[in-house]
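Heads up, the thing below is written out as structure tokens.
In what follows, every heavy atom counts, from backbone to side chain, and hydrogens, waters and symmetry copies are set aside.
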Amino acid sequence: MTHIDTNEALAVQRSISSDAAMQPKRVLIMTSVEAEREAVLRGLRHSSTSAAATKLEPHAESVSSQPECTETNHTVSLPQLHFDVVLAGVGSAAAAVHTTRALLASPMPYDLVINAGIAGGFKGRAEIGTLVVASEIICADLGAESEEGFISIDKLGFGSAYAAAAKPYSAHLAKALGEAQLSAVHASILTLSTVTGTRESAEELLARFPEAAAEAMEGFGVAAAAEAANVPVIELRAISNPIGPRDRSAWRIGDALRALEAACVVLKEVCA
């Protein structure tokens with residue numbers, strides 16, 4: 001039988017713990033499409049003092065102003081932070097699959113998962129260009145219809161349509177965005193497989209979720225994958241259009257992407 005020296009084992013354990021502590025914090029950011037990923041990467045490359053300028057200059061890059069930042073493919077590494085920015089695809093199912101794949105493929109565990117992108121905002125709660133940090137991620141159309149109205153999966157007893165956002169991160173991020181003079185709210189974000197396109201649907205959603213400020217299509221899928229891996233998750237959205245009647249002329253995708261880019265300048269400070 002091999003004799004194990006307790007002191008030696010403790011020394012090895014302390015050495016492993018010390019090595020782990022020296023590793024940069026690892027963050028996985030999932031975006032739906034390439035335009036969102038590019039906006040996130042631009043923001044991550046900017047210096048922390050340029051958030052307001054970033055909102056006005058969507059394509060300005062400042063890698064040279066922050067020489068300690070290195071970026072390869074879709075990875076940004078800072079002294080104490082490592083970001084991987086990965087495409088999730090459109091819709092909750094695709095997002096869950098691709099987030100799970102990214103989590104499993106990583107050689108090191110992640111400390112935080114973020115779903116970032118643009119979204120629709122409820123009028124009076126999140127106007128175009130506003131940033132919404134999820135206080136809760138809700139799969140709003142997971143359930144059943146009935147003559148009396150929608151029945152949530154929670155009431156059916158088959159699970160939950162609610163995913164908790166990591167409050168230390170989400171609350172801190174929302175506060176930091178405001179301090180950076182960016183318009184931001186901390187509220188529920190809905191996930192739907194079919195985006196809202198009528199006034200009636202928008203009113204029905206608000207009646208069921210009066211605390212909601214935005215809707216998108218991937219948050220709950222990303223959150224489900226992160227929760228299964230026991231990794232904290234948050235959702236960050238920049239508003240590109242009002243929720244309600246579908247009117248492409250009212251979309252301001254460029255404004256939303258600029259806001260998202262500016263938010264990711266601040267994001268580095270929150271994750272550090």
Side-chain angles (χ1 to χ4, degrees), residues 28-37 86-103 113-123 125-126 132-165 187-229 233-248 250-251 253 256-257 260:
L28 174 63
I29 302 180
M30 304 297 299
T31 70
S32 302
V33 297
E34 186 62 37
E36 293 170 330
R37 175 158 67 176
V86 178
L87 292 181
V90 176
S92 195
V97 170
H98 290 292
T99 303
T100 299
R101 181 179 294 174
L103 289 167
V113 175
I114 302 172
N115 180 211
I118 63 176
F122 286 105
K123 292 181 179 179
R125 300 174 183 229
V132 181
V133 182
S135 58
E136 195 169 31
I137 302 167
I138 306 171
C139 191
D141 55 3
L142 185 59
E145 289 186 331
S146 76
E147 293 294 336
E148 290 73 32
F150 185 83
I151 307 173
S152 71
I153 197 74
D154 299 75
K155 290 185 178 179
L156 292 172
F158 296 129
S160 180
Y162 294 79
S188 299
I189 298 179
L190 307 182
T191 300
L192 296 106
S193 295
T194 302
V195 295
T196 304
T198 67
R199 182 174 290 103
E200 292 76 18
S201 294
E203 291 173 352
E204 188 269 338
L205 281 174
L206 272 181
R208 289 199 288 124
F209 305 105
E211 72 285 2
E215 70 167 30
M217 301 180 73
E218 296 78 29
F220 190 79
V222 173
E227 287 186 352
V233 62
I234 63 175
E235 184 173 5
L236 168 65
R237 295 285 176 174
I239 302 305
S240 61
N241 59 277
I243 297 171
R246 187 174 176 83
D247 178 11
R248 292 178 65 92
W251 295 0
I253 293 176
L257 291 174
L260 180 62

With side-chain contact (heavy atoms from CB on, under 4.5 Å) as the criterion, how do Glu36 and Leu257 come out once you've worked through the C-alpha distance, each side chain's angles and the decisive distance to 0.1 Å? CA-CA 7 Å; Glu36 293 170 330; Leu257 291 174; 4.2 Å; yes
Worked verdict on Val90 versus Met217 for side-chain contact (heavy atoms from CB on, under 4.5 Å): CA-CA 7 Å; Val90 176; Met217 301 180 73; 4.0 Å; yes
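Arg208 is linked by a salt bridge (charged side-chain N to carboxylate O under 4.0 Å, His left out) to Glu204, counting only residues two or more places apart in sequence or in another chain.
Using a 4.0 Å cut-off between charged nitrogen and carboxylate oxygen, Arg125 and Glu211 do not count as a salt-bridge pair.
Ile189 has its side chain out of reach of Ile137: every pair of non-hydrogen atoms, C-beta onward, lies at least 4.5 Å apart. You'll find the side chain of Thr198 stays beyond 4.5 Å of the side chain of Glu203, heavy atoms only. For the pair Asn115 and Val233, the minimum side-chain heavy-atom distance is 4.5 Å or more. Side-chain contact between Val113 and Leu103 is present, with at least one heavy-atom pair separated by less than 4.5 Å. By the 4.5 Å heavy-atom criterion applied to side chains, Asp247 and Pro245 are not counted as neighbours.
Of all the heavy atoms in Ala256 and Ala238, the pair that sits closest is O-CB, 3.2 Å. Closest heavy-atom contact between Ala212 and Leu206: O-CD2, 4.1 Å. Shown here for Gly121 and Ile239, the closest heavy-atom pair between the two residues is N-CG2, 3.5 Å. Here the closest non-hydrogen pair linking Arg237 and Gly219 is NH2-N, 4.0 Å. Taking every heavy atom of both residues into account, Gly221 and Ser92 meet most closely at N-OG, 3.0 Å. Residues Ala165 and Ala134 approach most closely at CB-O, 3.2 Å, considering heavy atoms.
With rounding to the nearest 0.5 Å, the separation of CD in Glu215 from CZ in Phe122 is 5.5 Å. Here Arg199 contributes atom CZ and Ile243 contributes atom CD1; the two are 13.5 Å apart, rounded to the nearest 0.5 Å. With rounding to the nearest 0.5 angstrom, the CG atom of Leu190 is 6.0 Å from the CG atom of Leu205. Atom NE2 of His98 and atom CZ of Arg101 lie 5.5 Å apart (nearest 0.5 Å). In this structure, OG1 on Thr31 lies 12.0 Å from CD1 on Ile114, to the nearest 0.5 angstrom. Atom OG1 of residue Thr99 and atom CG of residue Leu28 lie 6.5 Å apart, to the nearest 0.5 angstrom.
Looking only at distances, no side-chain donor or acceptor of Asn241 sits under 3.5 Å from a matching main-chain atom of Ala250. Checked by atom type and distance alone, the side chain of Glu227 never pairs as donor or acceptor with a backbone atom of Ala224 at under 3.5 Å. Remark: side-chain polar atoms of Thr191 are not paired, donor with acceptor, to backbone N or O of Cys139 under 3.5 angstrom.
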Result block: side-chain N/O donor-acceptor pairs under 3.5 angstrom for residues 140-150, not counting sequence neighbours:
unit_1: Asp141; atom_1: OD2; unit_2: Ser193; atom_2: N; d: 2.8
unit_1: Ser146; atom_1: OG; unit_2: Glu148; atom_2: N; d: 3.2
unit_1: Ser146; atom_1: OG; unit_2: Gly149; atom_2: N; d: 3.2
unit_1: Ser146; atom_1: OG; unit_2: Gly149; atom_2: O; d: 2.6

